[in-house]
Amino acid sequence: MKRRILKIFKNIAFVFLITCSVGCLNNIEDVTGTVQTNVSFSADVQPIMQQHCVSCHNNNFANNNFNATSYESILSGSGTVYGNQIVVPNEPDQSGLVDIIEPDPESGLQRMPTGGSLSGDEIQIIRAWIREGAQNN
Ligand code: HEC
């Protein structure tokens, strides 16, 4: 009897371990795309914004005052919560734009894009663009 309980207990522990590692791997996968260099705003960053963000952050309707349509609007620094910290050139880890696309944003806002997530490579493109000075290139 004792052995049987032990066996059941072991099985539960095993299932828990598997579920947890799958969950953790998923999280890691989100932010471990290939590190990028020589990123261009127009060729690399803008297409990501167009595809995943502009539908809710545009000239007519900008959720939380963030407008993703152009270089100028992204850099305008007028977000409701992040203010002028949405893009801090050279500092991806201080930029709201990075905080909000990675798991569990420190700001407490929901992760963007709502209802989905960017791929690891897309996140790395945005990180690289900011790291390289957030240029209009
Ligand atoms: C389906 C609509 C939708 C999409 C798509 C979307 N957002 Fe948002 N966004 C919102 C909403 C709603 C909020 C407010 C979130 C909250 O209150 O937690 C928000 C808030 C934000 C903020 C906070 C601004 C501030 O300072 O308060 C940023 C930055 C942002 N989004 C960036 C993005 C980016 C980058 C993408 C694309 C990767 C994106 N969003 C895609 C709806 C959207």
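Quick caveat, the model's predicted, so the values are computed rather than measured. Remember, it's 1-based here, ligands and their atoms both numbered in the order they're listed.
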Show me the donor-acceptor pairs, under 3.5 Å and distance only, between side chains in residues 91-101 and residues at least two apart or in other chains.
from, atom 1, to, atom 2, distance (Å)
Asp93, OD1, Arg127, NH1, 3.2
Asp93, OD1, Arg127, NH2, 2.9
Ser95, OG, Val88, N, 2.9
Ser95, OG, Val88, O, 3.4
Ser95, OG, Glu91, O, 2.9
Asp99, OD1, Glu106, N, 2.8
Asp99, OD2, Tyr82, OH, 2.7
Asp99, OD2, Glu106, N, 3.2
Asp99, OD2, Ser107, N, 3.2

For a distance under 2.8 Å, give residue and atom name for each protein N, O or S atom next to atom 8 (Fe) of ligand 1. His57 NE2, Met112 SD
Shortest protein heavy-atom distance from atom 25 (C) of ligand 1, along with the residue and atom involved: Val81 N, 3.3 Å
Contact check, side chains of Gln124 and Thr34, non-hydrogen atoms, under 4.5 Å: no
Geometric N/O contact Ser55 with ligand 1, under 3.5 angstrom: no
State, without any angle test, whether Asn67 and Thr69 hold a side-chain donor-acceptor pair at a distance under 3.5 Å. yes
closest protein heavy atom to atom 41 (C) of ligand 1 is His52 O, 3.5 Å
Can you list the atoms of ligand 1 that are under 4.0 Å from a heavy atom of Gly79? 25 (C), 26 (O)
Select one of side chain, backbone, both or neither to describe which atoms of Ile48 lie under 4.0 Å from any atom of ligand 1, heavy atoms only. neither
Could you tell me the residue and atom name of the protein heavy atom closest to atom 26 (O) of ligand 1, and the distance to it rounded to 0.1 Å? Tyr82 N, 2.7 Å
Between Leu109 and Pro105 the two heavy atoms that sit nearest each other are O-CG, 3.4 Å
Return the residue, atom name and 0.1 Å-rounded distance of the protein heavy atom closest to atom 17 (O) of ligand 1. Leu109 CD2, 3.6 Å
Do Arg131 and Val35 make a side-chain contact, defined as non-hydrogen atoms from C-beta onward lying under 4.5 Å apart? yes
side-chain contact (heavy atoms from CB on, under 4.5 Å) partner of Tyr71, the single match among Asn137, Asn136, Val45: Asn136
Between Trp129 and Asp44, is any pair of side-chain heavy atoms under 4.5 Å apart? no
Going by the rule side chain to side chain donor-acceptor pair (under 3.5 Å), which residues pair with Thr80 if we only count those two or more places apart in sequence or in a different chain? none
Under a 4.0 angstrom heavy-atom cut-off, which atoms of ligand 1 come close to Thr80? 25 (C), 26 (O), 27 (O)
His52 meets the side chain to side chain donor-acceptor pair (under 3.5 Å) criterion, sequence neighbours left out, with Glu122
